[in-house]
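Encoded as structure tokens, the structure appears first; notes follow it.
In what follows, chains are A, B, ... by sequence order, proteins preceding strands, each numbered from 1.
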2 protein chains.
Amino acid sequence: MPGRWGRGPAKWWHGEFRGCGYRITIPRQIILQVLDESKEHLSAEDIYLKVHNIYPAIGLTTVYRTLDLLINMGLIFKFDFGDGRARYELSRGPKEPSHHHHLICTNCGRIIDYTDFVDEELELLKKTEKKLSKKYSFEIKNHTIQFYGLCEKCSTSKE
Amino acid sequence: MPGRWGRGPAKWWHGEFRGCGYRITIPRQIILQVLDESKEHLSAEDIYLKVHNIYPAIGLTTVYRTLDLLINMGLIFKFDFGDGRARYELSRGPKEPSHHHHLICTNCGRIIDYTDFVDEELELLKKTEKKLSKKYSFEIKNHTIQFYGLCEKCSTSKE
DNA sequence: ATATTAATGAAAATAATTATCAATAAGGAA
DNA sequence: TTCCTTATTGATAATTATTTTCATTAATAT
Ligand SMILES: [Mn+2]
Ligand SMILES: [Mn+2]
Ligand SMILES: [Zn+2]
Ligand SMILES: [Zn+2]
């Protein structure tokens with residue numbers, strides 16, 4: 001069954017791979033597909049299981065290796081939300097620029113993506129980065145902002 | 001040699017322990033002492049080794065257990081800077097309120113504490129927290145802000 | 001189609017953290 | 001102080017996420 005995988009229209013990230021001399025393999029394509037289709041914050045094992053449904057030959061090692069590669073290429077971000085495993089998400093889709101921050105419930109682990117910034121916030125962030133860059137001679141590439149606390153459910157159930 | 005440890009003036013956190021019904025033990029006192037005396041971001045093993053110099057009977061398990069306790073009491077913060085081990089620091093000393101953010105070099109792992117906020121930053125942060133609390137019914141307890149990039153050394157050595 | 005070699009996956013190795021459990025010592029009562 | 005209760009400890013074993021190894025496979029250029 002030739003063409004079972006990878007024969008569709010070239011994806012937006014093919015160029016990125018080619019430019020770096022990396023091969024476009026079936027595992028890599030499906031891992032990216034899984035990341036693209038999920039709105040959650042997937043762990044390596046989550047990804048492994050999802051890929052496994054589509055391509056059972058996948059190995060967990062390959063998932064880790066590919067995630068590492070994607071991080072270095074800047075295509076995904078790696079997060080630690082305190083549950084003992086790393087979690088990953090696409091840094092930017094072809095669609096919307098998905099920059100956002102996180103609200104993390106320290107009781108149940110729920111994660112809320114927070115995207116509705118105000119101009120004021122973005123402006124100040126830019127200004128702060130500039131200030132820090134100069135003062136510490138630090139070349140800032142990106143940032144994370146996380147708010148910890150109790151989600152609605154956990155907050156009310158604790159009274 | 002009675003009074004070898006723990007006979008000095010009562011520390012600021014003794015009340016916190018008593019209030020929770022926790023016992024004030026030698027390991028706990030020395031772990032807090034080590035955290036208090038260090039300006040670095042110590043890992044559990046770092047702490048274990050430092051405590052071991054003062055109190056060789058210490059066990060690594062106790063370090064982990066105590067750190068967990070201190071986190072739950074709100075006396076320390078736990079951070080992940082991406083080097084595979086958690087790092088800890090006192091959340092507030094008796095001296096200065098030490099709230100700060102971090103610059104993290106993704107090349108050499110250097111961590112820079114950043115404390116020189118502007119009023120504008122603090123104000124906006126407060127405002128943002130209030131907005132998020134309301135919109136997502138999320139009870140915000142604290143936050144982390146981390147900037148990733150290249151430190152001076154790594155930035156220049158890469159040209 | 002063939003050659004080259006990057007990429008893969010099974011398995012073993014690592015390393016941080018957690019669980020177990022008998023021994024110890026903190027803190028209250030006498 | 002001395003004794004009692006039980007929270008705390010530390011040695012050890014267990015767990016678990018991630019890495020390393022290495023022989024096999026498959027993506028790409030020719
Ligand atoms: Mn997110
Ligand atoms: Mn710090
Ligand atoms: Zn919750
Ligand atoms: Zn550096």
Side-chain angles (χ1 to χ4, degrees), chain A residues 1-7 10-11 13-15 17-32 41-49 51-52 54-73 78-88, chain B residues 1-7 10-11 13-15 17-32 41-49 51-52 54-73 78-88:
Chain A
M1 195 191 281
R4 174 70 180 73
W5 289 295
R7 192 56 69 80
K11 300 291 182 185
W13 40 265
H14 279 203
F17 271 73
R18 286 279 155 57
C20 297
Y22 297 139
R23 294 181 180 177
I24 295 169
T25 67
I26 293 169
R28 286 172 179 175
Q29 296 187 69
I30 302 187
I31 287 169
L32 275 160
H41 303 89
L42 302 172
S43 68
E45 199 183 2
D46 290 339
I47 294 166
Y48 167 76
L49 291 172
V51 173
H52 188 270
I54 304 171
Y55 183 74
I58 190 75
L60 183 54
T61 310
T62 298
V63 172
Y64 275 106
R65 265 188 306 232
T66 302
L67 290 171
D68 232 37
L69 189 76
L70 296 177
I71 290 169
N72 288 329
M73 295 175 71
K78 181 182 185 177
F79 287 100
D80 169 59
F81 294 133
D83 65 344
R85 68 205 61 198
R87 295 187 173 272
Y88 305 83
Chain B
M1 192 190 284
R4 175 70 180 73
W5 288 294
R7 193 55 70 81
K11 299 291 183 184
W13 40 264
H14 279 203
F17 271 73
R18 287 278 155 60
C20 296
Y22 297 137
R23 294 181 179 176
I24 294 170
T25 66
I26 294 169
R28 285 173 181 175
Q29 295 188 70
I30 302 186
I31 287 168
L32 274 159
H41 303 89
L42 302 173
S43 68
E45 199 183 3
D46 290 339
I47 295 167
Y48 168 76
L49 291 172
V51 173
H52 188 269
I54 305 171
Y55 182 73
I58 191 74
L60 183 54
T61 310
T62 298
V63 173
Y64 276 107
R65 264 187 308 230
T66 303
L67 291 172
D68 231 36
L69 190 75
L70 297 177
I71 290 170
N72 288 329
M73 294 174 70
K78 181 182 186 178
F79 287 101
D80 170 60
F81 294 133
D83 65 344
R85 70 204 62 198
R87 295 186 173 272
Y88 306 83

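Going from atom CD1 of A:I26 over to atom C1' of D:dA26 covers 9 Å, rounded to whole Å. Atoms CG (B:L69) and P (D:dA7) sit 14 Å apart, rounded to a whole Å. Atom P of nucleotide C:dA7 and atom CD of A:Q29 are separated by 14 Å, given to the nearest angstrom. Counting to the nearest Å, the C1' atom of D:dT18 and the CG atom of A:L67 are 11 Å from each other. Atom C1' of nucleotide C:dG28 and atom CD1 of B:I24 are separated by 14 Å, given to the nearest angstrom. In this entry the distance linking CZ of B:R87 with P of C:dA16 reads 10 Å, nearest Å. Rounded to whole angstrom, the span from the CD1 atom of B:I30 across to the P atom of D:dT9 amounts to 11 Å. Taking atom CZ of B:R18 as the reference point, atom C1' of C:dA26 lies 9 Å away to the nearest angstrom.
Residue whose closest nucleotide on DNA chain D sits further toward the 5' end, between B:I58 and A:T25: B:I58. Along DNA chain C, the nucleotide nearest B:L60 and the nucleotide nearest A:P27 are compared for position; the residue whose nucleotide lies closer to the 5' end is A:P27.
At least one side-chain heavy atom of A:L69 sits less than 4.5 Å from a side-chain heavy atom of A:F17.
Between C:dA11, D:dT18, C:dT20, one nucleotide has an atom nearer to the side chain of A:T61 than all others, and that is C:dA11. Residue A:R23 has its side chain nearest to C:dT4 when only D:dT9, C:dT4, C:dG27 are considered.
Nearest heavy atom pair, residue A:A44 against residue A:V63, reads O-CG1, 3.6 Å. In terms of heavy atoms, B:S43 sits closest to B:D46 at N-OD2, 2.9 Å.
For C:dT18, the OP1/OP2 oxygens have no side-chain nitrogen or oxygen of B:Y64 closer than 4.0 Å.
Among the atoms of the strands shown, only primed sugar atoms or phosphate atoms (P, OP1, OP2) are found under 4.0 Å from some heavy atom of B:R85.
With values rounded to the nearest 0.5 angstrom, B:K78 atom NZ is found 15.5 Å from B:H41 atom NE2. We find the CZ-CZ distance between B:R28 and B:R65 to be 9.0 Å, quoted to the nearest 0.5 Å.
Between the side chain of B:R65 and the base of D:dG10, at least one donor-acceptor pair of N or O atoms lies under 3.5 Å.
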